[in-house]
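Here's the structure we're looking at; comments come further down.
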Amino acid sequence: MKYCLGIEGTAHTIGAGIVSFEGKVLANEKAVYTSETGMIPTAVAEHHKKHVDEVVARALKTAKVGWQEISLISYSAGPGLAPCLHVANNKAQELGKEHGIPVVGVNHCVAHLTIGQLATTMKDPVFLYVAGANTQVICLAGERFRIFGETLDIGLGNALDKFGREKGLGFPAGPKIEELAKKGKWVELPYSVKGMDVSFSGIVTKATRMQEKVEDVCFSLQETCFAMLAEVAERALAHAERSELCLIGGVGANKRLCKMLETMCKARGATFAVVPLDLAGDQGAMIAWQGILEKGKTSEGIRPYERTDDVVVDW
Ligand code: ATP
Ligand code: FE2
C-alpha cells in the first residue's frame, strides 16, 4: 500500500495527514494557533515551527505507518501567510531529502474542494464553500475550478462571529447562533444578492443594532444569509448544468443551512452532500489527497498568492 504525508500550514493550523493512494484517511493530526488579538504572521509561524515535528510524529503513530511506506510528501504551497507557508515547505523538503521521498506543493483551496469530492463521492459538483473568511460558489469549468460567485465583503463565518462578538455570544459564534435561532421567530433583515455574489456586512450591522430578542435576530440572520446562499447555489446548478451540490467549509456544521440546501436540491432533482466536519476545516489530509492527485509532479518553494483558478486541473 502507498501512502502520502500531507503538511498543512497556510494560516492558523499546522496539520499532518496520512492518506492512502486509494483515498483512505489514516491520520489527520493538527495544532491550532489561537490568539485574542488576531494573527501576526511571524508569531503564527513560530507556533508552527514549534509544533510541526510533533504533529508529523503523531500522524505517523496514529496511522501506524513507517517512513518506508510513505511514497509521497505534499505541502500547502499557497495561498496563505508566507512565514507559515515556509514552515510547511521547509519541513516537507527536509523530510523528503532525509527519506528520499518526492515532494509536491499543492493549492490549499483546491485541496478543500477535492477532499470534499472524495468524502462525498461526488463526480462533478457545484461547490458551496462557506468558511470563516471565504464564501464562494465554485465549479469545474474546462480545465479549471471557476469561482461563479462569492462574498463581496466578509465570509459568512466571520460575519456570524462578528455578530456574536457584538452580542457577547463567545467565539466561535456560529454554533451558539444556531442554538438560539431554534427558539426565535422572524424579524425583517436586509437581503443582499447581487448577480451571483452576496454580501453580509450590511446585514450584520443591522442585526447588531436591532433591539428585538436575540433569539429572533439569530433566527432571521440565519434564514436570510442561508436563503441568499441557497439562491446563488441554485442558480449555479442551473447555469452550469450540474446535479450535485457539495457543501464544504466550517459553516457546513450548521443543520439549518444543510436542511435549506437539501430542500432546494430535492426540488430540482439534484443531490446534496456536506463534507464531514473533521475534513471541513484546515487539515493535512486534504493536502495529502491533493498531493496524490498530483503525483508525478515535484515542487519547491511557496506560492502565497496562487488563486483557485490558477491551478490547471489535470488529474
Ligand atoms: P477560511 O477557510 O475561510 O480561511 P476558517 O478556516 O477560519 O476560514 P473554518 O474552520 O472552515 O474557517 O470555519 C470556521 C467558521 O465556521 C467560524 O466562523 C464558525 O463560527 C463557523 N461555524 C462553526 N460551526 C458553525 C455552526 N454550527 N453554524 C454556523 N457557523 C458555524
Ligand atoms: Fe482553509
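Both counts, for ligands and for their atoms, begin at 1 and track the order of listing. This structure is a prediction, so every number in the text was calculated from the model and none was measured.
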*Does the pair Lys185/Asp216 count as a salt bridge with the N-to-O cut at 4.0 Å?*
yes
*Around atom 21 (C) of ligand 1, find the nearest protein heavy atom and jot down its residue, atom name and distance.*
Val251 CG2, 3.9 Å
*For ligand 1, is there an atom lying under 4.0 Å from some heavy atom of Gly155?*
no
*Any N/O pair Ala133/ligand 1 closer than 3.5 Å*: yes
*asked:* Quick check on Lys255 - does any of its heavy atoms sit under 4.0 Å from an atom of ligand 1?
replied: no
*Does a side-chain N-to-carboxylate-O contact under 4.0 Å join Glu262 and Lys266?*
no
_With Ile18, the side-chain contact (heavy atoms from CB on, under 4.5 Å) member among Asn28, Val25, Leu60, Val56_ = Leu60
_Which atom of Asp282 approaches the Fe ion (ligand 2) most closely (N/O/S)_ = OD1
*For ligand 1, is any non-hydrogen atom under 4.0 Å from Phe226's backbone (N, CA, C, O), its side chain (CB onward), both, or neither?*
neither
*Metal site the Fe ion (ligand 2): N/O/S of His108 inside 2.8 Å*: yes
*Proximal ligand 1 atoms for Tyr129, defined as those under 4.0 Å from one of its heavy atoms*: 1 (P), 2 (O), 3 (O)
*Between the side chains of Thr13 and Asp282, does any donor sit under 3.5 Å from an acceptor?*
no
*His47 vs His51 aromatic rings, parallel, tilted or perpendicular, using cut-offs 30° and 60°?*
tilted
*Using distance alone, with no hydrogens and no angle criterion, decide if Gln93 and Asn89 have a side-chain donor and acceptor under 3.5 Å apart.*
yes
*Identify, for atom 30 (N) of ligand 1, the protein heavy atom at the shortest distance, and state residue, atom and that distance.*
Gly174 CA, 3.4 Å
*Number the atoms of ligand 1 from 1 as they appear, then name those within less than 4.0 Å of a heavy atom of Asn134, with their elements.*
1 (P), 3 (O), 4 (O)
*Salt-bridged, Lys176 to Glu179, with N to O below 4.0 Å?*
no
*asked:* Quick check: Gly157 and ligand 1, any N/O pair under 3.5 Å apart?
replied: yes
*Is a donor on one side and an acceptor on the other found under 3.5 Å between the side chain of Asp197 and the backbone of Gly149?*
no
*Give the residue, atom name and distance (to 0.1 Å) of the protein heavy atom nearest atom 10 (O) of ligand 1.*
Gly281 CA, 4.2 Å
*Starting from atom 14 (C) of ligand 1, which protein heavy atom do you reach first, and at what distance in Å?*
Gly132 N, 4.2 Å
*asked:* How far is atom 23 (C) of ligand 1 from the closest protein heavy atom, and which atom is that?
replied: Gly250 O, 3.7 Å
*Do the side chain of Gln283 and the main chain of Lys30 share a donor and acceptor less than 3.5 angstrom apart?*
no
*asked:* Just to check, does Phe171 reach to within less than 4.0 Å of ligand 1 when the distance is taken from its heavy atoms?
replied: no
_Per-residue contact class, Thr13 against ligand 1 - non-hydrogen pairs under 4.0 Å_ = neither
*Can you find a heavy atom in the side chain of Leu237 that is under 4.5 Å from one in the side chain of Met264?*
yes
_Can you confirm whether Leu140 sits close enough to Leu113 that some side-chain heavy atom of one is under 4.5 Å from a side-chain heavy atom of the other?_
no
_Shortest protein heavy-atom distance from atom 28 (N) of ligand 1, along with the residue and atom involved_ = Asn254 ND2, 3.0 Å
*asked:* As a test of reading the structure, name the N/O/S atom of His112 that is nearest the Fe ion (ligand 2).
replied: NE2
*asked:* How far is atom 6 (O) of ligand 1 from the closest protein heavy atom, and which atom is that?
replied: His12 NE2, 3.4 Å
*Euclidean distance, His108 NE2 relative to Thr10 OG1, rounded to 0.5 Å*: 4.0 Å
*Is ligand 1 under 4.0 Å from a heavy atom in the side chain of Asp161, in the backbone, in both, or in neither?*
side chain
*Does any N/O atom on Leu160 come nearer than 3.5 Å to any N/O atom on ligand 1?*
no
*Is there a side-chain contact between Arg256 and Lys182 (heavy atoms, below 4.5 Å)?*
no
*How close does the nearest protein non-hydrogen atom get to atom 19 (C) of ligand 1, and which residue and atom is it?*
Pro172 CB, 3.7 Å
